[in-house]
Structure formats: C-alpha cells, structure tokens
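Atoms considered below: every heavy atom in the structure, side chains included; atoms not considered: hydrogens, waters and symmetry mates. Only a predicted model underlies this, so the values are computations on that prediction, with no experimental measurement involved.
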Amino acid sequence: MKELLKNLWRQMMVLAVLLSTTLVMAQTAGNEVDVKGTVVSASQSALLAGSTVVVKDAGGRTVGSTNTQKDGTFRLKVKSSTAITVLVNYIGFNDYNSGTITLKQEDLDLGRIYLDTKSTMLEGVTIVASRKKPLVQSTKDKLIYNAASDISNKSGNAADVLRKAPMLTVGANGDLKLRGNSNIKVLINGIPSRIMAKNLKEALKMIPASSIVSVEVITNPSSKYEAEGAAGVVNIITKKKLKGTSGTLDMTGGNLEHTGNLSLNMSSGKFNISAMGNYSEERERTTSSLNRTNLNNGKQTGSLFQESDMLQTTKGGSASLSAQYKIDSLQTLEASYSYWNGSWPQKGGLFNRYKNADQYQEYRQKTEQSGKFNFSEWVLNYQKKFHREGQELQIIGLASTASDVSNYLTEQYKPDGQLAFTERGPNNSKEKEWSVQADYSHPFGQEGKTSLETGVKYLGNNSKSVYEVLNSSLPVDPSRSGSMQYRQQIFSAYATLNFDLGNDWTLRPGIRFENTDINATFQNNAPYTRKFSNWVPNLLVVKKLGERHEVKLDYNERIRRPWIMDLNPYANAADPMNITQGNPYLNPELTRKLELSHTYTGSKNTLLTSSIYYSSNKNAVEQIARVNEKGISYTMPDNIGESTRMGVNVNAVFNPFKIWTVNAGAEVFHLKFRSNSLGLKNDGTFFNSSISNTINLMKGLQFSASGDYGNGFITLQGKNSANYSYRFAVKKDFMNNKASLTLAVINPFQNNFKETVYAFAPTFQSTQINRFYNRAATLTFSWQFGGLRASREKESHFSDQSDDKSPRKRRK
C-alpha cells in the first residue's frame, strides 16, 4: 500500500507539473507551425478515425506522427522553413503520399485527404480488412472499453464484460458500481432503456458478452444526458454498423452457463435491416450463515443464527429488429422493436434458530422465489444532417410496456419435521413508459470552432402494482396486502456550448433543467406527491499539451429520483426474520462532483489516464436495516443524510512486447457516511484493481488472462470483506479467420468465493458469511459469415447511425 500511495503521489505531481508548464510550452511554440487535415474514405466520404499520419523531412527522417481523432482530423506541430512529406496509412486502404511540401511561417491545412479502398477477393466474396480497435480509448468526456477486442469476452454475460472496463467493479453478488457508487445510469446503444432501470443486476445477466461491441464509461456527462445517475453514465454498445449482407453466430456451453447469440444484417440500396436474438441460462449457488445479536442500550437481548443454501437459475432471451431507410444523403429514418423475456427462480432451504429471555424458536424452511418479466420497446429515430459539417437534428420517440411477477412460497417445518404453515406472497406489476425528445447541434463561424447543442425531452411513466400475503394458518392481514399506482412526468431542456479557444484550449459549459412530477397512491398508505425542479450545471475545461498530453477539469451535478420499486411498500417475507420492502416516502437526492484528470497517449496504442475526484451528497439514499424487539430485520431504502467520497484512479494500456497487450487499472477512494437522524456514521479507505493480458502466441492463436481485486466496501451500517475473480481464455481462429473456438476457465483454483458482511446499528450487530460457487469452464464457437464489411460512417453527435457527405475536397 505504501508503494501504491507513492506511485499515486507521483501521478498527482505529474498533473501539477504539466499544468504549470502550459504557458512555457505556449511561448516556445512560436517557431513551429501546425500541419493539419482530415482523412476520408474516397468511396463513401466516411471519416477514418485511427488513421496513421507520419511527417518526414527532406532527408526521410520522421519529425512527427499521430493518429486521427474520432472525427478523422489530425494536427501536428512541425518546425517552420523545412520541406516535409506527409504519409497517411489506414488498414484496408491505399496509402497516401503528399509529395514534397515547403513549409512557411503560416499553418498548413491539407483539407480532406481521400483514401481509396483496397479490397481482396476471397472465394467470390469481397472481404474488406477491418482494423482492430485499441482495448481502451479516451475522448474528452468518456473512456471506451472495446470489448470486441478482448478474446475473454466470448463467453459470460454483460456483468463479466463490465468488470474489465475502467473504473467499474462488479461484486460477488452481481452489483455494479462506478467508483464505489451503485447509482449509475445505464444506456443501451445510447438510449435509456427501462429494462436496465427496473432490475439492472438480472438484466445484465441476460446480455451475452459476445454481443457487446464496446462499453463507454462517462464520469462527466454533458447536459445532453439525463441528470439521473449520481456516479455517471455507462453506455453498452451491442450493435456494430455493417454494410452488405452478413451476420455473426456465437454459441457457448459450460457447467454454469449456456448462451447463444445470432445477429444478421441485410443492406440493399437505401435500406438496411438488422436483427438480433440471444438466449442465456446461468446457474448460481450461494450458501450463507448469519449470526445476529439484538441490543438494547448496548446489552444483548436476543440472538439469531441462520444457515441457507439457495440455487438460482437465470433464464432469459431477447430479440430485436431494426429497419433503417436513408431518405437521401442527409436524412435517415430508423425504426426498431425489442422484446425481452426473463425469469430467475430461486429454490433452497433455510435453518433458523432464535432465542431471547422469553422464547426459543427453531425451524426449517423450504423457500421458492420466482421473478419473471416481459418487456417490449419501440423506438422511432429521425436524423437530419445539413450541408454544414456538425449541424444536425435528431428526433427520437420511444414507448415501452412491461409486466413483472415477483412471488415467494415458503413451507415452514417444526423441529420434529411437522409442517407448521405455508405462506405465499404474490406481487404483480405492469408499467407503460413513453418519451419524445429532440436534439439539435449548430456550429458557429466559418470554421465551426464554437458550437451549440440543445434539446428538449418529455417522459411519462404509469405503473401499477398489486400484492398480497396468504398464510395457511393465519387470517388475511390487510396491512400486508394492497396496491399502488405510480405516475411520473419529467420535462427537461438543455443547452451546451463548445468553445475551441485556440492554443489547444477547449471549454464546454452546459446547463440542464428538469421538472419532475411524481404521484403515487397506496391502498394502505397516505398518497405520495413530489414536485421539484432542478437546474443541473456542468463545466468541462480541456487543455492539450503537445500531441501526447491532455488535462481536463470537470464539475457536474447529478440527481436520483425514487422509482416504483423504491416506493412500493410490498414486503418480501420469504425469510420471515429478514424482510425487505420499499419506502413510500423517499425524497430525491443530489450529488455534486469535481474532477481533475490527465491523459497521456503514447506510441503503439499506449494510453495512460489518471484522475482525482471529490463528490458530495447531502440527501443520500441507502438500504437501511432496522431490527425490532422480536429480532426481525426490516430493510428498506431511506434518505440517510450525507455521504462524501474522494479518490484517485489510474488506468494504463500498453504493449510490453509487440504480441502482448496489457490493460491495468487501480483506484483508491475514501468513503464517508453520516446520518444524524439515525445516530450512525461510517467511513473507510478502499482499493480496487484489475488487469487484463492478451498475448498473440502464433497465427490464429491467442491467450488471455485477467483478474480483479477489491479490499471491500462500506455502507452506512457495515462493511464487506475483500472480493476477487480471475479468468483464463485461449482462442483459436480457423476458416480463414471467419470462425473461432474459445476455451475459458473462471476461478479454476477455488471451489467457491467467501465473502464476509459486517453490519451494525444501535439495535443489532451481525456477521454474515456468504459463499458463491462460481468456478466454471466454457467453450464458445463463433462464426462470421457474409461480406463482413464494417461501416466507416462518421459518428453522429447524438447516435451511432450517421453518415458524412460534406462536399469539401482535399486541397491540391
């Protein structure tokens, strides 16, 4: 730990030195000029991000090199009064050579450099080589983990992929956290999906890892994004733009999981149709033992001992169909439909022993819990680009319906084996949600160095839940049965200005307004009404220091609103000594964050990112357990008071050797909770780390080894012990690299993972030991068929469906 803190201190010193040398570098740049341009596909006018640009002097010596940005642009500083040659290379295209150019005192703008496609005929099918993306990429407001470039992602589910992305951790129980915070806004292909908001942990299990192209981690989202999600935004990209008719098939079998994923793409003229379907099945066995002591003024009044053994089988699938029509070179209309169906039945046994001064209670219990849902979503997306680069309009309409069933059935037996009673607790809910939004981007001035992004959105949600408890030996308790109606309306508007201030300075201020109206009515509780408005500002300042370094300062605010599952008073009493329920009287929370970060981009795909951040929340929502005099624990979300966190994180991607790629990350953060109303406080310093290695052993054979470790985390009422996992994978390509087999083993050296959970409050103390049986082996077959020609269309400001048809030509 001492060595780690020393290294982190060095990172902080690097940031300080880089900032202090900004003016010096600006002054010494006077004898240099900028050589810039944009690299474009000649056949499609698509911008080619990641092209290699090399500048050589008259003697053939390299005086500068770089890669083009996401928008295809590049810029290099070269000494004036010299003769240079500019060379451009992009895999799958013919090389470009500018010939000899004599520099003067003024900057050189090469304009658009068009590259011709280089194709190869193979068995009657034209295959255009695709360029494998770097494992991690950095942009002004996000880190991108290119999951498709990691062979270990051929098996498993979305949770397994996310644990390898920078700054994300996945606990042994499947909980996703960003910088130790589970309040995350998760998007699918850039669009908020209710399936992620309803039950994130279970939804992630039903997305096969092989279907994920990339994961975008956005810790400083602009005003364009909804303000929901205190920790930030995670965008899971599951579709890759393709040209022609093609498809992919992935099939995985193993001792704990079975998955299948099929995607098809058909393109003809102005029409493009894509379809995707997947199925997954995963088994999870968990055993636990719990020791809890009841307290009254610090003295023991009772004790509870429990042992349980539960087996959950998660089954689910999804299908989607998308049709895109290019009205003309500037307008696109797309419609899509998605359907999800899933269930996660859980069966097991429970032994319970409770005693205090007045009673002794012992029983065994068989428990079945069934959770399942159906979810449908329709999206209509219209995009219009204008002849001016960077000017575009997008309108999105979305509608979804969902139905959920959450039941439990318990059979309780006396010590002599006689059945005492059975209890059933059904909970059925239905939901409808719809939204419409418009986003517009407009550049100002001839060069477009200043631009405005603005938009509006309306979102409505209607939900209903009906629940009851039926006990074979007790009359119906009206207080345990009932219903609720939930309605939410949100109107929002935003504006973001992007300023290119020159001298490599970028400024991005933004403001978002959100007006929220929530109403909930309950059969057995007073109605809940909340109306509130939030002005949510953010500010991003970026300074490039030469071609390698970039420093960013960011401030933003995020909010969290209570959703139906937070408010629903339904009590799940599958374990009668540990009951969970919603809280109908939750208030929203607001989080403020300040971050300073540094990015170093080196040669050979080397990338080093580091940041220091601080966040504060004055009305934090946490799960709170309260134990009554009978020893029964009731757990529900509550506004606890204040939480703060301060941390440092570092992520590095580099190649020790040409065949070896390493992706490593580490984070240290201090977390503090304080609740005056509950008389509780808790704080601690925690460490998370991950590493992934990929080695190209020989032609068509790759090896991967990855792992992650965290020394635990805390809540207001407790602490979890350390958690870790590791994975090895070997991939072999065949059939001219169109098919592959991947063998993966997960946690092979341990039968189960042990986690200890400590909890405390004035009324109790507890220790729970959980064991997760997660040792697994999988074999995955992958097949790519058809033309397999990846689209190189330029990304839109608002979506991944775009094209670039700017008429500007390369300067001669």
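A salt bridge (Lys or Arg N to Asp or Glu O under 4.0 Å) with Glu595 holds for exactly one of Arg179, Arg645, Lys552; it is Arg179. Checking Asp250, Thr742, Thr252 one by one against Ser782, the side-chain hydrogen bond (donor to acceptor under 3.5 Å, both in side chains) holds for a single residue, Asp250. Each of Val217, Leu162, Asp150 was compared with Tyr145 under the side-chain contact (heavy atoms from CB on, under 4.5 Å) criterion, and only Asp150 meets it.
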Given Phe713 and Asn688, is the side chain to side chain contact (heavy atoms under 4.5 Å, CB included) satisfied, shown in steps?
CA-CA 10 Å; Phe713 63 91; Asn688 292 318; over 6 Å; no
Tell me, with the steps shown, if Glu557 and Arg592 meet salt bridge (charged side-chain N to carboxylate O under 4.0 Å, His left out).
CA-CA 4 Å; Glu557 297 183 3; Arg592 296 178 174 90; 3.3 Å; yes
Give the intermediate values and the outcome of side chain to side chain contact (heavy atoms under 4.5 Å, CB included) for residues Asn278 and Ile207.
CA-CA 8 Å; Asn278 63 67; Ile207 303 177; 5.9 Å; no
Check the pair Val541 / Trp505 against side chain to side chain contact (heavy atoms under 4.5 Å, CB included), numbers first and verdict last.
CA-CA 8 Å; Val541 182; Trp505 281 95; 3.8 Å; yes
Could you check Asn153 against Lys164 for side chain to side chain contact (heavy atoms under 4.5 Å, CB included), going step by step and ending with a plain yes or no?
CA-CA 10 Å; Asn153 293 325; Lys164 301 171 201 171; 2.7 Å; yes
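The distance from the CZ atom of Arg163 to the OG atom of Ser692 is 12.5 Å, given to the nearest 0.5 Å. Remark: Asn774 CG to Asn752 CG distance equals 8.0 Å, nearest 0.5 Å. Taken to the nearest 0.5 Å, the OG atom of Ser222 stands 5.0 Å off from the CZ atom of Arg508. Here the CZ atom belonging to Phe749 is positioned 5.0 Å from the CZ atom belonging to Phe728, to the nearest 0.5 angstrom.
A donor atom on one side chain and an acceptor atom on the other are found under 3.5 Å apart for Gln137 and Asn146. There is a side-chain donor-acceptor pair under 3.5 Å between Ser223 and Asn538. Side-chain atoms of Ser211 and Thr238 include no donor-acceptor pair closer than 3.5 Å. A side-chain N or O of Asp554 and one of Asn556 form a donor-acceptor pair less than 3.5 Å apart. Inspection of the Asn651 and Thr609 side chains reveals no N or O donor paired with an N or O acceptor under 3.5 Å. At a cut-off of 3.5 Å, with distance as the only test, no side-chain donor of Tyr225 or Asn235 sits close to an acceptor on the other residue. A donor atom on one side chain and an acceptor atom on the other are found under 3.5 Å apart for Asp708 and Ser725.
Asn649 contributes no side-chain N or O that, together with a main-chain N or O of Ala666, makes up a donor-acceptor pair within less than 3.5 Å.
Looking at Asn183 and Arg558, their side chains never come closer than 4.5 Å, going by heavy atoms from C-beta outward. A 4.5 Å side-chain heavy-atom check between Leu204 and Asn157 finds every atom pair outside the cut-off.
Aromatic pair Phe753/Tyr724: centroids less than 6.0 angstrom apart.
Heavy atoms of other residues, nucleotides or ligands lying less than 6.0 angstrom from NZ of Lys672 number 12 at most.
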